[in-house]
Amino acid sequence: MADATNKEEKSLNFLEEIIEEHLNNGTYKSIVTRFPPEPNGYLHIGHASSICLNFGLTQKYPGYTNLRFDDTNPVTEETEYVESIKDDVRWLGFEWKYERYASDYFDTLYEYALKLIDKGLAYVDDSTSEEMAAMKGTPTEPGKDSPYRNRSVEENRDLFVRMKNGEFQDGARTLRAKIDMAHINMLMRDPILYRIKHAHHHRTGDIWCIYPMYDFAHGQSDSIEEVTHSICTMEFVPHRELYDWLIEKLEIYPSHQYEFARRNINYTVTSKRKLLQLVNENYVTGWDDPRMPTISGLRRRGYTPESIREFCDRIGVAKRDNMVDVGLLEFCVREHLNKIALRRMVVFDPIKVVITNYNGSGEVLQSENNPEDANAGLREIPFSREIYIERDDFMENPPKKYFRLAPGQMVRLKSAYIIKCEQVIKAADGSIVEIHCTYMPESKSGSDTSGINVKGTLHWVSAASALEVEVREYDRLFRVEYPTDEEGDFKDYINPGSLKVVKGYAEPALAAAKPEDRFQFLRKGYYCLDKDATDEKLIFNRTVTLKDGWAKEVKKG
RNA sequence: UGAGCUAUGGUGUAACGGUAGCACUACAGAUUUUGGUUCUGUCUGUCUAGGUUCGAAUCCUAGUAGCUCAACCA
């Protein structure tokens, strides 16, 4: 990014092309976009694309972006969601110009409805939802006019005011636009504008008992805010005709809608309904469960905002259907964490190594906090006669090209000495109790004069000073690539191994871990402290594993 | 069986009538006190059929395929 000047210009996505065109031909001097979540769930990785897009556009071009909550359905919306959404947008690194709510405009919207009635373009319909569905027609057959379609303006006005005043029960009447029941676009077949809901709204309380539908709130809110580019996903393409119709008939500021294809990611689900099920039915511990594709889940998992922004940037924006490989998300987080994570050593499945010719005590070694970052400094690691190494870093009968510890074989202990396996001590049942090694005193890391070259380097931890920690190893939540496309319930395809809780033996420096720290446990993966951790008990979440070339080698056989 | 949208390697995305490129993945190799990182190389693509043109991924026509549309959800 810093040397963008000497690179050829990055190609524009189709929205940037449209905007540059508008800016160049003077349609607009600056632009206004908005991010319009409905506060009925937590934001997920799919929303991140939309956030990066909308806010990114006004970082790149003159203008600003509003955060606007589409809160027109009080029965599903809650303040908790409003707060989480604001947190998540900020955490991702974006700040809005104005915080707005569709509910801020309820008075105006009501006036707009009256205006439509007065123009003879809206009517109150007494039909039940079943009757309306029956009259709606199908994509291939025209619908039928409602018997209430030709009420007088006066009657419509009277009825609508009474709807607002609470004289009718939920569902008793609706306000509909009077367009064309035979329209080829189903959304233009007299769409419902207002419905009656005697429900408590998270912001307007009990003032209203009629609420506008999406189509009579979204475009109008855009218009009120003078949004120039109202960007949404492809499923709203058919709505655009209605969007434009309402703005035209209302004679208000002409915002315009542009659509891009929602980003899909394999091995996960991103429908709010499904995510809500996972939470409510306790398949996960909450919206911020580290296995969830929510922003708060990814955050708790240890993803960085930078890595998520990078991911959104790499997958781009287009109009065609897509299925992004979750591996790219993992690549992005590894790429960032590699640069910033502090290196630490943790042994998960320990086997004791006794260094029989070592008689030192209190020796302290130094190791770099991050070989990618000289400014990260060094840390101290105690060394001793008894250490732990990973059980699978030792094999009695190793295959070819096994560079780890084996009888007679030598390895480097990271930032310490070279050791040689001399003897394997076993219990009566044949299981390995400990391994006896000798070390090469002149092979000390940083001042090695031994002249010995070893292929393998192991992480280790001094037995006496090892800290016992809990590690939560997360894997993808679903075991199939397209959970939604499978037979039956998507929940049947949850990966039973998506969470494994294991014990780890950590080097003492980890005692100072703070919530915002990111770690690479050497040769294992990237980890962060979980919010469940206490001073007595350190708990780490595995963000993502390191790439494992050896595992691949083994698999090949 | 109406209408709309979309079709470029395994995946995502460029090329705006003029050499199909980039990234991820995969594979091979080099470097490495993390079998990580880094570096080098390789494989794989324009949905089909016609047409326009000196020249088509790009423009036109017709097919085909996928997605979307019949919530008092957004």
Side-chain angles (χ1 to χ4, degrees), chain A residues 10-13 17 36-38 40 70-73 75-77 102 125 127-129 132-134 136-143 170-176 183-187 189 192-197 210-211 213-215 217-218 232 234-241 259 261 263 266 272-273 314-332 334-335 338-339 343 345 367-368 371-372 401-404 411-416 418 443 445-446 448 453-459 520-525 545-554:
Chain A
K10 204 186 161 213
S11 57
L12 304 175
N13 66 47
E17 282 183 0
E38 184 189 8
N40 68 345
D70 241 333
D71 57 349
T72 57
N73 185 4
V75 302
T76 57
E77 295 154 4
D125 195 331
S127 307
T128 64
S129 64
M132 266 204 258
K136 185 104 187 189
T138 69
T140 52
E141 303 162 85
D170 285 10
R173 292 180 221 262
T174 56
L175 181 72
R176 293 228 258 168
H183 201 107
I184 201 73
N185 181 348
M186 299 284 291
L187 281 153
R189 323 246 260 228
I192 295 172
L193 268 20
Y194 265 95
R195 77 284 215 194
I196 300 171
K197 273 181 197 280
I210 56 170
Y211 293 92
M213 297 286 289
Y214 167 84
D215 287 301
H218 198 106
C232 62
M234 294 296 287
E235 61 265 33
F236 291 97
V237 169
H239 292 254
R240 190 177 57 228
E241 195 171 8
E259 311 88 8
R263 315 324 277 173
N266 59 7
K272 272 201 250 183
R273 206 193 96 253
R314 280 178 185 253
I315 62 183
V317 179
K319 300 184 83 148
R320 70 187 83 111
D321 287 335
N322 58 83
M323 184 60 74
V324 180
D325 193 332
V326 69
L328 183 62
L329 216 208
E330 294 171 348
F331 167 83
C332 290
R334 283 192 187 103
E335 184 185 46
N338 178 49
K339 288 188 199 128
R343 312 295 136 122
M345 295 197 284
S367 189
E368 66 276 15
E372 307 291 321
K401 294 204 289 191
Y402 184 80
F403 304 140
R404 286 117 93 144
V411 294
R412 155 80 59 188
L413 294 175
K414 172 68 183 174
S415 296
I418 292 172
S443 68
S445 187
D448 185 350
N453 259 321
V454 293
K455 291 282 251 185
T457 300
L458 306 186
H459 63 282
Q520 183 197 100
F521 293 174
L522 243 57
R523 304 208 298 139
K524 288 295 181 180
T545 60
L546 246 29
K547 274 208 313 204
D548 190 345
W550 175 243
K552 217 182 286 180
E553 197 69 35
V554 169

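Just so it is clear, the structure is predicted and the values come from calculations on it, not from any experiment. Just so it is clear: chains get the letters A, B, ... in the order the sequence lines come, proteins before strands, and each one is counted from 1.
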Task: Reported NZ-to-CG distance for the pair A:K547 and A:N338, which is rounded to 0.5 angstrom - done: 11.0 Å
- [ ] Take atom CD of A:E330 and atom C1' of B:rU37, then tell me their distance rounded to the nearest Å.
- [x] 17 Å
Open item on the list: Run the side-chain contact (heavy atoms from CB on, under 4.5 Å) test against A:K552 and tell me which residues pass, sequence neighbours left out.
Closed with: none
Task: Integer angstrom distance from the C1' of B:rA56 to that of B:rU48 - done: 16 Å
- [ ] Decide yes or no on side-chain contact (heavy atoms from CB on, under 4.5 Å) for A:Q520 and A:L522, but give the supporting numbers first.
- [x] CA-CA 6 Å; A:Q520 183 197 100; A:L522 243 57; 3.6 Å; yes
- [ ] Look only at the side chain of A:N40 and the backbone of A:E77, and say whether a donor-acceptor pair between them is shorter than 3.5 Å.
- [x] no
Open item on the list: Given the structure, check if the side chain of A:H239 and the base of B:rA74 hold any donor-acceptor pair shorter than 3.5 Å.
Closed with: yes
Open item on the list: Under 5.5 Å centre to centre and under 30° between planes: does that hold for A:Y214 and the six-membered base ring of B:rA74?
Closed with: no
TODO: Toss me the dot-bracket line for RNA chain B: Watson-Crick and G-U wobble, both under 3.5 Å, 5' to 3', using | for pairs to another strand and [ ] for crossers.
DONE: .((((((..((((....[..)))).(((((.......)))))....(((((..]....))))))))))).....
TODO: Using a 4.0 Å heavy-atom cut-off across all strands, classify A:T76 as base, sugar-phosphate, or nothing.
DONE: nothing
Task: Which residues share a side-chain hydrogen bond (donor to acceptor under 3.5 Å, both in side chains) with A:S443, sequence neighbours left out - done: none
- [ ] Give a yes/no answer on whether the side chain of A:R273 brings an N or O atom under 4.0 Å of OP1 or OP2 in B:rA74.
- [x] no
Open item on the list: Taking A:T174's backbone N and O only, do any of them form a donor-acceptor pair with A:R195's side chain (distance below 3.5 Å, no angle check)?
Closed with: no
Task: B/S/- contact track for nucleotides 63-69 of chain B, protein heavy atom under 4.0 Å - done: ---SS-S
Task: Nearest-angstrom distance, C1' atom, B:rC60 to B:rA28 - done: 46 Å
TODO: Using a 4.0 Å cut-off on protein heavy atoms (strictly under), produce a 5'-to-3' string for nucleotides 23-32 of chain B with B for base contact, S for backbone-only sugar-phosphate contact, and - for none.
DONE: SSSSSS----
Open item on the list: By the 4.0 Å heavy-atom rule, please label A:P371 as base, sugar-phosphate, or nothing.
Closed with: base
Task: Interatomic distance, A:E335 CD vs B:rU38 C1' [rounded to whole Å] - done: 12 Å
Task: NZ on A:K136 to CE on A:M132, rounded to 0.5 Å - done: 8.5 Å
Task: Nucleotide nearest A:N338 when distance is taken to its side chain, options B:rG36, B:rG35, B:rA74 - done: B:rG36
Open item on the list: Once you apply a heavy-atom cut-off of 4.0 Å, does A:Y211 come out as touching a base, just sugar-phosphate, or nothing?
Closed with: nothing
Open item on the list: Please give the distance between the P atoms of B:rU58 and B:rA7 as a whole number of Å.
Closed with: 12 Å
Task: Sugar-phosphate, base or nothing in reach of A:L546, heavy atoms under 4.0 Å - done: base
TODO: Look at the side chain of A:T457 and the base of B:rU34, then say whether one donor and one acceptor between them are separated by less than 3.5 Å.
DONE: no
Open item on the list: Under 4.0 Å, heavy atoms only, any strand: does A:G456 hit a base, just the sugar-phosphate, or nothing?
Closed with: nothing
Open item on the list: Would you measure the distance from the P atom in B:rG17 across to the matching atom in B:rA74 and give it in whole Å?
Closed with: 42 Å
Open item on the list: At 4.0 Å (heavy atoms only), tell me whether A:S127 reaches a base, stays on the sugar-phosphate, or touches nothing.
Closed with: base
Open item on the list: Taking A:R320's backbone N and O only, do any of them form a donor-acceptor pair with A:N322's side chain (distance below 3.5 Å, no angle check)?
Closed with: yes
- [ ] With side-chain contact (heavy atoms from CB on, under 4.5 Å) as the test, would you mind laying out the steps for A:E368 and A:R343 before giving the verdict?
- [x] CA-CA 7 Å; A:E368 66 276 15; A:R343 312 295 136 122; 5.6 Å; no
Task: Integer angstrom distance from the C1' of B:rC59 to that of B:rU53 - done: 10 Å
Open item on the list: When you measure from the side chain of A:K272 to the backbone of A:E38, do you find a donor-acceptor pair of N or O atoms at a distance under 3.5 Å?
Closed with: yes
Task: Nearest-angstrom distance, P atom, B:rC22 to B:rG35 - done: 31 Å
TODO: Select one nucleotide: of B:rG4, B:rU34, B:rC72, the one nearest the side-chain heavy atoms of A:M213.
DONE: B:rC72
- [ ] Starting at CD1 of A:I418, measure out to CG of A:D448 and round the result to the nearest 0.5 Å.
- [x] 5.0 Å
Open item on the list: Between B:rU38 and A:E372, counting only base atoms on the nucleotide and side-chain atoms on the residue, is there a donor-acceptor pair under 3.5 Å?
Closed with: no
TODO: Please state how far atom CZ in A:R320 lies from atom P in B:rG45, giving the value in whole angstrom units.
DONE: 18 Å
TODO: Give a yes/no answer on whether the side chain of A:R195 brings an N or O atom under 4.0 Å of OP1 or OP2 in B:rA74.
DONE: yes
Open item on the list: Side chain of A:S11 only, heavy atoms from C-beta on: which candidate in B:rU34, B:rA70, B:rA14 is closest?
Closed with: B:rA14
Open item on the list: Can you measure A:R404 atom CZ to B:rG36 atom C1' for me and round it to whole angstrom units?
Closed with: 12 Å
Task: Closest-nucleotide ordering on RNA chain B, the 5'-leading residue of A:V237 and A:D548 - done: A:V237
Open item on the list: Counting the atoms with a prime plus P, OP1 and OP2 as sugar-phosphate, which does A:K401 contact under 4.0 Å by heavy atoms, base, sugar-phosphate, or nothing?
Closed with: base
Task: Interatomic distance where NZ belongs to A:K319 and P belongs to B:rU13 [whole Å] - done: 13 Å
Open item on the list: Regarding A:Q520, tell me which of base, sugar-phosphate or nothing describes its non-hydrogen contacts under 4.0 Å with the strands shown.
Closed with: base
Task: Non-neighbouring partners of A:Y214 that pass ring pair (Phe, Tyr, Trp, His ring centres under 6.0 Å), sequence neighbours left out - done: A:H218, A:F236, A:H239
Open item on the list: Nearest 0.5 angstrom please: A:T128 OG1 to A:R173 CZ, how far?
Closed with: 13.0 Å
- [ ] Could you tell me whether A:V454 contacts a base, only the sugar-phosphate backbone, or nothing, with contacts defined as non-hydrogen atoms closer than 4.0 Å?
- [x] nothing
Task: Separation of A:T138 OG1 from A:M186 CE (nearest 0.5 Å) - done: 6.5 Å
- [ ] Let me know the distance between CE of A:M323 and C1' of B:rA7, rounded to the nearest Å.
- [x] 16 Å
Task: Test item: A:R263 side-chain N/O and A:I315 main-chain N/O as donor-acceptor pair under 3.5 Å - done: yes
Open item on the list: Using atom P in both nucleotides, what's the gap between B:rU19 and B:rG2 to the nearest angstrom?
Closed with: 41 Å
TODO: Please measure how far the P atom in B:rC39 lies from the corresponding atom in B:rU31, and state the result in whole Å.
DONE: 16 Å
Task: Given B:rA14, B:rG36, B:rG2, the nucleotide with the shortest approach to the side chain of A:T140 - done: B:rG2
Open item on the list: Tell me the interatomic distance from A:F403, atom CZ, to B:rG36, atom P, rounded to whole angstroms.
Closed with: 11 Å
TODO: With heavy atoms under 4.0 Å as the rule, sort A:Y402 into base, sugar-phosphate or nothing.
DONE: base
Task: From A:L193 atom CG to A:D215 atom CG, the distance as rounded to the nearest 0.5 Å - done: 8.5 Å
TODO: Test for a donor-acceptor pair under 3.5 Å between the base of B:rU34 and the side chain of A:R523, counting only N and O atoms.
DONE: no
Task: Length of the line joining A:N322:CG and B:rG12:C1', which is rounded to integer Å - done: 8 Å
